[in-house]
Amino acid sequence: MDITKFIPLWIIYLSDMKFFIDTANLDQIREAHDLGVLDGVTTNPSLMAKEGIKGTENQYKHYVEICNIVNGDVSAEVISTDYDGMVREGEELAALNEHIVVKLPCTADGIRAVKYFAGKGIRTNCTLVFSIGQALLAAKAGATYVSPFVGRLDDISEDGTGLIRDIVEMYNYYGYNTMVLAASIRHTRHIIDCLKAGADVATCPLAAIKGLLNHPLTDSGLARFLEDYHRVNG
Ligand code: G3P
């Protein structure tokens, strides 16, 4: 039975696809924010290392700096792989700022920690998801977001956006509230395909978001408008 037909259309229209930028680079975050379409940020240990941010204190300061730029959710990932460590780290991260979303890997300890934080009202992003089974466990544990890695599946000839479509269909069928946050987006086409697959969020490199602006007919149309204007108006 397709339960979506019982959802009033105005609820569906109220939702929109959110854009998060997938970086810890403050300049790129500022540029994306100034574009006026940024809804949040995702980071991970590799992206933080890429910015050379060393030590817990500096990392926590950096997360707060990101939160101060973006009036939206900011995913900060734990380093611990054991449940107790995840809980301790996650509570520290969540206490930094109201926008912090605790990012946890889709492992047994990670799912257990998602469940714990769901009970505490602390929002989570279950990451490193590569199958519909993992997405099911994340939703059952009460994850706020689930992050299927589209690009990394494509890299091994699997269907990254096909997984997005399957998860969206499963969540809609069972009525799970977990939001599908398409991650490992490599280019603009990935955004379009994830949009069509029904993703709630796409977390992207800035270039992929800006790529949505590009169309030769926009450029040629604007040039023609200006040419016609100046031919008459000088
Ligand atoms: O948020 C996950 C994302 O940063 C992974 O992207 O390109 O390393 O697969 P990528």
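First listed ligand is number 1; within each ligand, the first listed atom is number 1. Since the structure is predicted, the reported quantities are computational estimates derived from the model, not experimental observations.
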_If you count every heavy atom of other residues, nucleotides or ligands that lies below 6.0 Å from Asp219 atom CG, does the total exceed 12?_
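Atom CG in Asp219 is packed in, count exceeds 12.
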
*Please report the C-alpha distance between Asp73 and Lys18 in whole Å, then the side-chain angles of each, then the deciding distance to 0.1 Å, and finally whether the salt bridge (charged side-chain N to carboxylate O under 4.0 Å, His left out) criterion is met.*
CA-CA 11 Å; Asp73 287 353; Lys18 297 194 182 312; over 6 Å; no

*asked:* Can a side-chain donor-acceptor contact be found between Asn177 and Tyr171 if the only test is distance below 3.5 angstrom?
replied: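 Checked: Tyr171/Asn177 side chains show no N/O donor-acceptor pair below 3.5 Å.
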
*Evaluate the ring planes of Tyr176 and Tyr174, with Trp represented by its six-membered ring, and classify them as parallel (under 30°), tilted (30 to 60°) or perpendicular (over 60°).*
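Tyr176 vs Tyr174 ring planes: tilted.
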
_Tell me which residues fall inside the under-4.0 Å heavy-atom shell around ligand 1._
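Shell around ligand 1 (4.0 Å, heavy atoms): Asp22, Asn44, Leu47, Lys103, Phe149, Arg152, Ser184, Arg186.
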
*Going through the checks in order, is the salt bridge (charged side-chain N to carboxylate O under 4.0 Å, His left out) test met by Glu65 and Lys61?*
CA-CA 6 Å; Glu65 218 171 332; Lys61 280 179 184 171; over 6 Å; no

*Between Asn125, Ile164, Val101, Thr144, which is the residue that forms a side chain to side chain contact (heavy atoms under 4.5 Å, CB included) with Leu181?*
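Going through Asn125, Ile164, Val101, Thr144 one by one, the side chain to side chain contact (heavy atoms under 4.5 Å, CB included) with Leu181 is satisfied by Asn125 alone.
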
